[in-house]
Undergrad: 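Before anything else, here's the structure in question.
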Amino acid sequence: MAKVEVGERLSKIRHSMSHVMAEAVLEMFPSAQIAIGPSIDNGFYYDFDLPRQLVADDLEEITERMRAIIAENKPFVRTVVSREEAQRMFAEQTYKLELINAIPEDEEVSLYSVGEFTDLCRGPHVESSKELKADAFKLMSIAGAYWRGKETNPMLTRIYGTAWTNAKELRLYMQHLEDVEKRDHRKLGKDLDLFSLHEEAGPGLVYWHPMGARIRQAIESFWRDEHYANGYEMVYTPHIGKSWLWETSGHLGFYKEGMYPPMELDKSDYYAKPMNCPFHIMIYNNSKHSYRDLPFRWAELGTVYRYEKAGAMHGLMRVRGFTQDDAHLFVTPAQMQEEILEVLRFSLHMLKSFGFTEINAYLSTMPEKAVGDPKRWADATEALREAIEAEGLSYEVDEGGGAFYGPKIDLKVKDAIGREWQLSTIQFDFNEPERFNMTFVDSDGVEKRPYMIHRALLGSLERFFGVLIEHYAGAFPPWLAPEQIKIIPVGENFFNYAKELEKRLRKEGFRVSADLGDDRMNAKIRNAQQLKIPYMVIIGEREAEGDLVSVRYRSGKQENGVATEAFIASVKATVASKEQL
RNA sequence: GCCCUUGUAGCUCAGUCGGUAGAGCACCACCAUGGUAAGGUGGGGGUCAACGGUUCAAAUCCGUUCGAGGGCUCCA
């Protein structure tokens, strides 16, 4: 999430803070077993095996003890000992012994001591606990964590803390956390009545309410227009299919536990689709293709179902049923380079249209276990790299991080508060064309294998919606806002005029409604404001007589006595430009 | 799945020592007819997640189940 660049000093502070915490915990529980305590993104943690469960009040006591230790201004002292000596010193500490035994022979075994507390540690640390500020850390939470992250290992108690160089930084970080909480799409989804999830009707399955559906419509129609404009065709395919499809694609072999279980019909097993590709291949293989016909670019907003573990689901971000903005490109080897560049450009264009300006690329290359011709792997990987470089994107390479069936580019965007989200993915597939025996007839009359590229630009609509909600904190730019304009008459006498104006604006294509409730105008403004509606149009006698509107923007900015036609033109321009207001 | 936290009205939450359920918002009705972030009065609405136990008495204590939130990647 929020990756703050952690300077070396800060990571020393955090790491040292974790030692101070371990000392405090050992004071309270002399019999505690201590495991590991590193510095992490925004703070530190330490894992313990404790004689009893911790409660929230314990964190206060630990905090107090930590402050006392910090106040003693004790030095952090590093010593190097022999392996045997270390084993003797930590004879009572089973986790430490395991760690000591895991240190490679050629590395020295170092200890850090602060006051009474000595810990096996690579370091580095601050010189003295006086570099730690008693008011610049906070213990955040208690969590369970498996020893070394393995499910089969014992569960330890982990205490998370955050630590900074001074109190002001801590305060800013706490504010950041508050901001994150305010933007939470689950909270905004409720407040703005956008979507819901229903345990009793199936966990991880999303219900789009009318206001959420309006946003989805705006996304989808833009998406469709752009795809047609970029040489794509739309296809629609079934939601279920016989096991033959998944046996052929190979998914039943390695992905079965990620699929909804089969339903039996007419002595066949049908599965809900976890991906759309085999269906698109069915269309491809329905007839013979010449190299002259390629490339095909077939897109579908395809809803797929995957079994996510109960603990893994999270709002809209991780669900069991979602709609991929999927497309498959079937191209000749000669077209491959150009197609990759185009799809990357298209992807960047789409992301930028949604207000994401900071975009990073991640290139994943051939893993050890891979299918397909190594020459094809090399060509495809090179095409991906060249496309990234042609677009001047900054990128990281994940060597050997590709799927077994092909290399890929992932695009991650940074949102309004600096968090990174993976949205687009462009992947080669050397597996399915082979398994489904896809061919095209080349200019020499020989049947050849096409390149197949999967790509999703927004990822899944559900997740993308969640990211958008958080990015905009629910205040959508006018082109996406579910309600663009709220008409607020100053009193009942102007209800008729409000209705006329509503009709007129709706004819202009705006998502608009008039508030004809019996609230006072003040309350209506407040309601519209809380729904983050971008334009509030206030009308009374002056406006009705002069064909004017008084516009109150979501920002609080005010423009009175605007000619209605001028207002319409201005909103249209803002919508067309996709600007945020 | 496992660990911690948690579950009271549509939403946000209060409920002490066990004594039989409350507030604000939302909703409904009536009054008020208004100029830039909540007008007034009244009303309806809850098997206190479920089940079991302790007790004269359970939202409250104990147990089990279910759900939700956070964590289970950061390496001595």
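As a basis for the values below, the full set of heavy atoms in this structure was taken, side chains included, without hydrogen atoms, waters or symmetry mates. Each chain gets a letter, A, B and so on, in the order its sequence line appears, and its residues count up from 1.
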Undergrad: Can you tell whether the side chains of A/Arg504 and A/Glu508 come within less than 4.0 Å, N to carboxylate O?
TA: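 Salt bridge between A/Arg504 and A/Glu508, a charged N being under 4.0 Å from a carboxylate O: no.
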
Undergrad: Are the charged groups of A/Glu502 and A/Lys499 less than 4.0 angstrom apart, N to O?
TA: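 No.
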
Undergrad: Does A/Glu579, at its CD atom, have more than 12 non-hydrogen atoms belonging to other residues, nucleotides or ligands within less than 6.0 Å?
TA: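 Buried by this count: over 12 neighbours within 6.0 Å.
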
Undergrad: What is the distance, to the nearest angstrom, from the CD1 atom on A/Ile487 to the P atom on B/G35?
TA: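 Result: 20 Å.
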
Undergrad: For the C1' atoms, the ones on B/C61 and on B/C48, what distance do you get once it is rounded to whole angstrom?
TA: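 Between the two C1' atoms, the distance is 16 Å.
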
Undergrad: Determine the sole option in A/Ile100, A/Leu111, A/Thr118 for which the side chain to side chain contact (heavy atoms under 4.5 Å, CB included) test with A/Val81 is passed.
TA: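 Exactly one pass, corresponding to A/Leu111.
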
Undergrad: If the C1' atom of B/C27 is compared with that of B/A9, how far apart are they to the nearest Å?
TA: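 Per the computed distance, 11 Å lies between those C1' atoms.
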
Undergrad: For B/G22 versus B/U16, give the span between their P atoms, rounded off to a whole number of Å.
TA: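 The answer is 14 Å between these two P atoms.
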
Undergrad: Would you measure the distance from the C1' atom in B/C4 across to the matching atom in B/A23 and give it in whole Å?
TA: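 These two C1' atoms come out 31 Å apart once rounded.
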
Undergrad: Regarding A/Lys96, tell me which of base, sugar-phosphate or nothing describes its non-hydrogen contacts under 4.0 Å with the strands shown.
TA: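 Contact class for A/Lys96: sugar-phosphate only.
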
Undergrad: Could you please name the option among B/C75, B/C2, B/G35 that lies closest to any side-chain atom of A/Met155?
TA: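 Per side-chain heavy atoms of A/Met155, the pick is B/C2.
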
Undergrad: In whole angstrom, what separates A/His198's NE2 from B/G10's P?
TA: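 In whole Å, B/G10 P and A/His198 NE2 are 14 Å from each other.
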
Undergrad: It should be established whether A/Tyr160 places a side-chain nitrogen or oxygen under 4.0 Å from OP1 or OP2 of nucleotide B/C4.
TA: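 Answer no for this pair, as no side-chain N or O of A/Tyr160 is under 4.0 Å from OP1 or OP2.
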
Undergrad: Expected output is a numbered-order residue list: members of residues 549-561 of chain A with a heavy atom under 4.0 Å from any atom of RNA chain B. What is it?
TA: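 The stretch gives A/Ser550, A/Arg552, A/Gln558, A/Asn560 as the residues lying under 4.0 Å from the strand, ordered by number.
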
Undergrad: Could you spell out the base pairing of RNA chain B in dot-bracket, with Watson-Crick or G-U pairs whose two distances are under 3.5 Å, [ ] crossing and | to another strand?
TA: (((((((..((((.....[..)))).(((((.......))))).....(((((..]....))))))))))))....

Undergrad: Could you work out which one of B/A32, B/U36, B/C74 sits closest to the side chain of A/Asp518?
TA: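 The listed nucleotide nearest to A/Asp518's side chain is B/A32.
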
Undergrad: Quick test of your reading of the model: are A/Glu483 and A/Arg214 salt-bridged, counting only N-O distances below 4.0 Å?
TA: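 Salt bridge: yes.
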
Undergrad: Please give the distance between the P atoms of B/C72 and B/A59 as a whole number of Å.
TA: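 Nearest-Å result for B/C72 against B/A59 at atom P: 38 Å.
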
Undergrad: Counting only non-hydrogen atoms, which of residues 180-196 of chain A are less than 4.0 Å from RNA chain B?
TA: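 Contacts with RNA chain B under 4.0 Å: A/Arg186, A/Lys190.
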
Undergrad: Students often get this wrong, so: under 4.0 angstrom with heavy atoms, is A/Met521 touching a base, only sugar-phosphate, or nothing?
TA: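 Touches sugar-phosphate only.
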
Undergrad: Rounded to whole Å, how long is the line connecting atom CG of A/Asp398 with atom P of B/U73?
TA: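 Rounding to the nearest Å, CG of A/Asp398 and P of B/U73 are 18 Å apart.
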
Undergrad: Look at the side chain of A/Tyr146 and the base of B/G71, then say whether one donor and one acceptor between them are separated by less than 3.5 Å.
TA: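 Between B/G71 and A/Tyr146, which were checked side chain against base, a qualifying N/O pair under 3.5 Å is absent.
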
Undergrad: Within the supplied structure, the quantity of interest is the number of heavy atoms (other residues, nucleotides, ligands) at a distance under 6.0 Å from A/Glu181 CD; does it exceed 12?
TA: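 At most 12 heavy atoms, drawn from other residues, nucleotides or ligands, come within 6.0 Å of this atom.
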
Undergrad: Between A/Thr157 and A/Pro38, which has a closest nucleotide on RNA chain B that is more 5'?
TA: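 Looking at RNA chain B, the more 5' nearest nucleotide goes with A/Thr157.
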
Undergrad: For nucleotides B/C2 and B/A38, find the distance between their P atoms and express it as a whole number of Å.
TA: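 My reading of the P atoms in B/C2 and B/A38 gives 50 Å.
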
Undergrad: Looking at B/C74, B/A37, B/G34, which one has an atom nearest to any side-chain atom of A/Tyr45?
TA: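 Of B/C74, B/A37, B/G34, B/C74 is nearest to the side chain of A/Tyr45.
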
Undergrad: For A/Lys138, is the NZ atom crowded, meaning more than 12 foreign heavy atoms sit under 6.0 Å from it?
TA: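 Not buried by this count: 12 neighbours or fewer within 6.0 Å.
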
Undergrad: Could you tell me whether A/Ala528 contacts a base, only the sugar-phosphate backbone, or nothing, with contacts defined as non-hydrogen atoms closer than 4.0 Å?
TA: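 Contact class for A/Ala528: none.
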
Undergrad: To the nearest angstrom, how far is A/Lys524 atom NZ from B/A37 atom P?
TA: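 The answer, rounded to whole Å, is 15 Å.
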
Undergrad: How would you list, by chain and number, every residue that makes a ring pair (Phe, Tyr, Trp, His ring centres under 6.0 Å) with A/Tyr146, sequence neighbours excluded?
TA: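 Listed in chain order: nothing, the list is empty.
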
Undergrad: Is the closest side-chain donor-acceptor distance between A/Ser550 and A/Glu543 under 3.5 Å?
TA: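 A pair is found: one side chain offers a donor N or O, the other an acceptor, under 3.5 Å apart.
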
Undergrad: On RNA chain B, check which nucleotide each of A/His15 and A/Asn493 is closest to and give me the residue with the more 5' one.
TA: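 Taking each residue's closest nucleotide, the earlier one in sequence belongs to A/Asn493.
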
Undergrad: When the C1' atoms of B/A26 and B/U12 are considered, how many whole Å apart are they?
TA: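 The same atom, C1', in both gives a distance of 11 Å.
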
Undergrad: Tell me: CG of A/Asn527 to C1' of B/C11, nearest whole Å?
TA: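 It works out to 14 Å between those atoms.
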
Undergrad: Between A/Arg526 and A/Asp519, is the closest basic N to carboxylate O distance under 4.0 Å?
TA: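 Judged by the 4.0 Å cut-off on N to carboxylate O distance, A/Asp519 and A/Arg526 do not form a salt bridge.
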
Undergrad: Of the nucleotides B/G39, B/C75, B/U36, which one has an atom closest to the side chain of A/Ala523?
TA: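 Given the options B/G39, B/C75, B/U36, the side chain of A/Ala523 is closest to B/G39.
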
Undergrad: Once the angle between the rings of A/Phe117 and A/His19 is folded into 0 to 90°, is it parallel (under 30°), tilted (30 to 60°) or perpendicular (over 60°)?
TA: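 Correct class here is perpendicular.
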
Undergrad: Look at A/Asp410 together with A/Lys408 and state whether they make a salt bridge at an N to O cut-off of under 4.0 Å.
TA: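 Yes.
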
Undergrad: Looking at A/Trp147 versus A/Tyr95, is the centre-to-centre ring distance below 6.0 Å?
TA: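 Yes - the distance between ring centres of A/Trp147 and A/Tyr95 falls below the 6.0 Å cut-off.
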
Undergrad: For A/Arg542, enumerate each residue passing the side-chain contact (heavy atoms from CB on, under 4.5 Å) test, keeping only those at least two apart in sequence or located in another chain.
TA: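 None.
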
Undergrad: Check the distance between B/C75's C1' and A/Arg158's CZ and give it to me in whole angstrom.
TA: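 Distance, rounded to whole Å: 10 Å.
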
Undergrad: Pairing donors with acceptors under 3.5 angstrom, does anything connect the side chains of A/Thr165 and A/Lys133?
TA: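 On atom types as modelled, these side chains do not qualify, holding no pair under 3.5 Å.
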
Undergrad: Compute the ring centroids of A/Tyr362 and A/Tyr395, then answer whether they are less than 6.0 Å apart.
TA: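 When the ring centroids of A/Tyr362 and A/Tyr395 are compared, they turn out to be at least 6.0 Å apart.
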
Undergrad: List in numerical order all residues of residues 25-34 of chain A for which some heavy atom is under 4.0 Å away from an atom belonging to RNA chain B.
TA: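 Under 4.0 Å from RNA chain B: no residue of residues 25-34 of chain A.
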
Undergrad: Using a cut-off of 4.0 Å on non-hydrogen atoms, how would the nucleic acid contact of A/Gln93 be classed: base, sugar-phosphate, or nothing?
TA: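 No contact.
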
Undergrad: P atom, B/U36 versus B/C31: distance in rounded Å?
TA: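 Taking atom P in both B/U36 and B/C31, they lie 26 Å apart.
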
Undergrad: For the pair made of CE in A/Met317 and P in B/G70, what is the distance, rounded to whole Å?
TA: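 It is 11 Å, rounded to the nearest whole Å.
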
Undergrad: Rounded off to whole Å, could you give me the CD-to-P distance for the A/Gln530 and B/A38 pair?
TA: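 Rounded to the whole Å, the gap is 10 Å.
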
